[in-house]
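Below: the structure, in structure tokens.
Since the structure is predicted, the reported quantities are computational estimates derived from the model, not experimental observations. Here is how names work: the chains are called A, B, and so on, in the same order as the sequence lines, proteins then strands, and each is numbered from 1.
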Amino acid sequence: MNLASSVGLSTKPSLPSLHSLLNSYIESRNRKQALLLFRQLLEYNVKPNDLTFSLLLKACTSSSSSSSSSALNSVNVKRDANQIHTHLLKSGVDRFMYVSTALLDLYMKLGCVRNAHRLFDDMPDRDVVSWNALICGFSRNGCDFEALKLFVQMCKEGFFPHQTTLVSLVPSCDLEAAEHLFEEIVEKSVVSWNTMIGAYGQNGFFDEAMLAFKRMQEENVPANLVTMVSLLSANADPESTHCHATKTGLVNDASVITSLICQYATRRNTESGKLLYKSLPQKNLVSLTALMSSYTEKGDLFQVMSCFAHLQQLEMKLDAVAMVCILHGMKDPMGFCLGLAFHAYGLKSGLSADSLVANGLISLYSRFDKIETAFSLLSEIHEKTLISWNSLISGCVQAGRPSDALEVFFQMKMSGHSPDAITISSLLSGCCQLGYLQFGERLHNYILRNNHEVEDFVGTALIDMYIKCGRIEHAERVFKSIEEPCLATWNSMISGYSLYGLEHEALACFSEMQNQGIKPDKITFLGVLAACTHGGLVQEGRKHFQIMREQFNMVPDLQHYACMVGLFGRAGLFEEALMFIRNMEMEPDFAVWATLLSACCIHQEVKLGEYVARKLFFLDSNNGGFFVLMSNLYAVKGMWDEVARVREMMRESGGDGCSGISVIEMTSLEDMNVNLSSSKSSLNANAWQPLLSLY
DNA sequence: ATAGGGTTAG
């Protein structure tokens with residue numbers, strides 16, 4: 001390839017002319033051209049100086065590849081940085097501190113922490129700027145402890161920390177230390193305030209973020225667009241922030257608009273999001289992605305697609321993030337077809353090579369039980385991240401193939417990844433499906449031994465696993481070890497007690513939860529009502545149903561109604577049950593009537609039972625469950641002719657009444673094969689072999 | 001120097 005023509009040079013260039021060319025590449029963010037020019041300069045035996053390197057490094061740092069969000073992570077840039085490093089040493093320009101510092105900064109931005117550190121160690125002299133680049137780099141790459149250690153070392157060596165260094169250290173500290181650092185800053189600039197607001201927000205201290213913002217206003221430091229963005233990501237109220245941004249003129253900024261769209265989306269307000277997007281003078285992909293994501297959350301596929309049409313009208317192209325967002329919205333069969341079309345778009349545009357998009361595709365295919373496709377997608381990812389593995393593991397579990405999930409988990413371990421909270425909670429939920437207590441216990445041990453935090457998700461999954469595997473006392477122990485259980489954790493425990501017929505424990509748990517200031521949701525009430533039903537606590541059930549509607553303004557779902565019908569029916573209060581069904585705000589479904597029929601069986605109510613069975617037949621004649629119930633009801637009353645008639649109807653309708661499968665825990669591979677080789681489960685004994693000796 | 005859209009989980 002002719003390098004000269006590719007960068008438009010035909011004669012030996014002078015250094016100043018090369019520098020001005022490099023400057024133009026920096027402006028157009030063209031890393032590749034800048035490097036080509038540099039290579040050509042070497043071919044022409046022009047000696048680069050410190051400015052040449054400085055410009056070249058700037059071109060690398062500011063480079064933005066066409067679409068991928070992970071531009072700076074690419075292997076290519078890392079390779080280029082290493083080459084520049086070599087030439088830097090060869091030419092002796094590394095004696096210029098500012099050039100070495102620029103390279104150090106690039107290494108840090110690429111995540112090459114070790115290279116950066118070595119470069120720093122090799123530097124003959126350091127100044128505050130190079131120290132800052134090093135400390136800031138460690139902090140940005142999540143090496144918080146290192147960053148703090150270096151900060152101390154820097155102070156020991158007599159350097160006075162600059163405000164920048166202090167700011168960059170804030171994310172490395174826990175919050176209290178950050179506050180101390182912050183108070184150390186005498187002249188607090190907008191940037192310092194923004195950093196503190198951001199730190200509060202990222203740690204979930206939303207009230208503190210708001211307080212810091214108020215203090216900042218009191219001290220007459222004017223907010224800028226970063227303040228708005230940080231506030232919004234600290235869950236600030238979108239309306240009042242919107243108001244503030246409008247008054248200060250900051251609402252004209254695209255990133256503020258994007259953040260507002262997102263924050264309105266958390267309140268399910270897509271209408272304001274749409275208006276904000278429309279107000280943008282320059283449409284851009286990031287804001288549009290935020291808007292699409294708000295529609296995705298709401299399940300409004302039509303609006304997602306019209307956003308996509310809008311994007312095409314503007315002749316914009318999707319990038320990886322936008323693609324992932326769209327794929328995430330494909331949740332029904334129609335969506336799956338569209339998802340396939342977007343897979344094709346990804347293949348044509350090259351986007352599907354991005355591991356982000358590949359992960360999104362894996363979840364898409366698993367959502368529709370296409371596990372084989374998901375498997376092959378994973379195998380094609382070159383740099384498999386933990387998220388890629390997790391996507392497939394959770395995909396298998398969701399598709400009802402927990403043993404495949406375990407197989408993938410084993411492969412993941414082999415490839416050198418350690419499970420995180422998401423891996424573990426997915427696997428635990430897979431254990432529930434298999435009733436595989438032993439493996440669940442191993443995961444629990446793994447969590448304890450590796451000091452994994454038993455946080456919301458893992459804690460809830462553990463409790464669920466123990467409950468579904470018959471060990472309520474273990475579930476209780478886990479529950480009691482959690483200091484501040486979240487709503488889902490409380491819900492698990494309440495419905496667990498209810499499942500075991502421990503209605504008083506369930507109700508005690510419910511009131512304890514409210515004492516702790518946790519607001520119940522619909523799932524909580526499902527557990528509470530089920531507890532009342534199981535325990536025959538009619539009055540308690542009535543009371544809680546009323547509390548749910550009147551005190552918490554919730555509209556009951558069909559499941560809540562079914563629960564109540566069961567409560568009345570089991571107590572023999574058939575008139576109340578029927579009145580209740582008549583007064584429902586929605587059409588009773590199969591489950592509601594089936595609950596009543598089952599109560600008829602208990603109380604041998606043949607006449608009502610026949611009436612209900614007819615209802616059920618018209619609602620869903622393919623669901624044969626009510627045949628069995630009816631047949632049992634007649635049998636209890638000794639009405640054998642009727643039993644025979646029902647059995648005959650059952651045969652005619654094709655229902656065999658025995659499609660259930662029981663799974664019991666297997667303690668050896670032989671057991672497993674015996675128990676499951678003939679069932680629907682895709683359990684693969686070979687996959688389990690290594691697991692048994694895993695820990 | 002501080003920041004904007006996204007994926008995996010109960």
Does [X] have any ring-ring contact (aromatic ring centres under 6.0 Å, His included) partners at least two apart in sequence or in another chain, and if so, which?
X	result
A:Tyr264	A:His242
A:Tyr200	none
A:Phe368	A:Phe336
A:Tyr500	none

Nearest whole Å is fine: how far is [N] [atom2] from [X] [atom1]?
X	N	atom1	atom2	answer
A:Tyr200	B:dA3	OH	P	16 Å
A:Ile463	B:dG10	CD1	P	14 Å
A:Trp193	B:dA3	CH2	P	17 Å
A:Ile185	B:dT2	CD1	P	13 Å
A:Phe138	B:dA1	CZ	C1'	18 Å
A:Gln282	B:dG5	CD	P	20 Å
A:Tyr295	B:dG5	OH	C1'	15 Å
A:Met196	B:dT2	CE	C1'	12 Å

* To do: Hey, can you tell me if A:Trp490 and A:Phe479 have their rings parallel, tilted or perpendicular (30° and 60° cut-offs)?
  =>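 Aromatic pair A:Trp490/A:Phe479 classed perpendicular.
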* Asked: Going by the angle between their ring planes, with limits at 30° and 60°, are A:Tyr345 and A:Phe342 parallel, tilted or perpendicular?
  ->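 Because their plane-to-plane angle lies in the 30° to 60° range, the rings of A:Tyr345 and A:Phe342 count as tilted.
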* Taking DNA chain B as the partner, which of residues 228-246 of chain A come within under 4.0 angstrom of it by heavy atom? ->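 Heavy-atom contacts with DNA chain B come from A:Val229, A:Ser230.
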* Within residues 270-280 of chain A, residues whose heavy atoms come under 4.0 Å of DNA chain B ->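 By residue number: none to list.
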* Selected nucleotide, minimal atom distance to A:Val191 side chain, candidates B:dG5, B:dA1, B:dG10 ->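 Of B:dG5, B:dA1, B:dG10, B:dA1 is nearest to the side chain of A:Val191.
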* Considering only B:dA3, B:dG5, B:dG10, which nucleotide approaches the side chain of A:Ala488 most closely? ->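 Within the option list, the nearest is B:dG10.
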Under 4.0 Å, heavy atoms only, any strand: does [X] hit a base, just the sugar-phosphate, or nothing?
X	result
A:Cys136	nothing
A:Leu225	base
A:Asp464	sugar-phosphate
A:Leu285	base

* Write out all pairs satisfying side chain to side chain donor-acceptor pair (under 3.5 Å) with one or both partners inside residues 272-281 of chain A, taking only residues at least two apart or from two chains. =>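 Counting only pairs at least two positions apart or across chains, the side chain to side chain donor-acceptor pair (under 3.5 Å) contacts touching residues 272-281 of chain A are A:Asn269-A:Ser272, A:Tyr277-A:His310.
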Report the residues that fulfil side chain to side chain donor-acceptor pair (under 3.5 Å) with [X], sequence neighbours left out, ordered by chain and then residue number.
X	answer
A:Lys317	none
A:His244	A:Gln217
A:Asn284	A:Ser287

* **Partner residues of A:Ile523 under the side chain to side chain contact (heavy atoms under 4.5 Å, CB included) criterion, sequence neighbours left out** =>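 Result, side chain to side chain contact (heavy atoms under 4.5 Å, CB included) vs A:Ile523: A:Asn491, A:Asp521.
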Write down the protein N/O and nucleotide N/O pairs, taken from nucleotides 7-9 of chain B, whose separation is under 3.5 Å; answer none if there are no such pairs.
from	atom 1	to	atom 2	distance (Å)
B:dT7	O2	A:Asn359	ND2	3.3
B:dT8	OP1	A:His328	ND1	3.3
B:dT8	O3'	A:Ser394	OG	3.1
B:dT8	O2	A:Asn390	ND2	3.0
B:dA9	OP1	A:Ser394	OG	3.4
B:dA9	OP1	A:Gln398	NE2	2.4

* To do: Check whether the side chain of A:Asn284 and the base of B:dG5 form a donor-acceptor pair under 3.5 Å.
  =>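 Donor-acceptor pair under 3.5 Å: no.
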* To do: For residues A:Ile197 and A:Leu231, determine if any side-chain heavy atom of one lies less than 4.5 Å from a side-chain heavy atom of the other.
  =>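 Result yes, sub-4.5 Å side-chain heavy-atom pair found.
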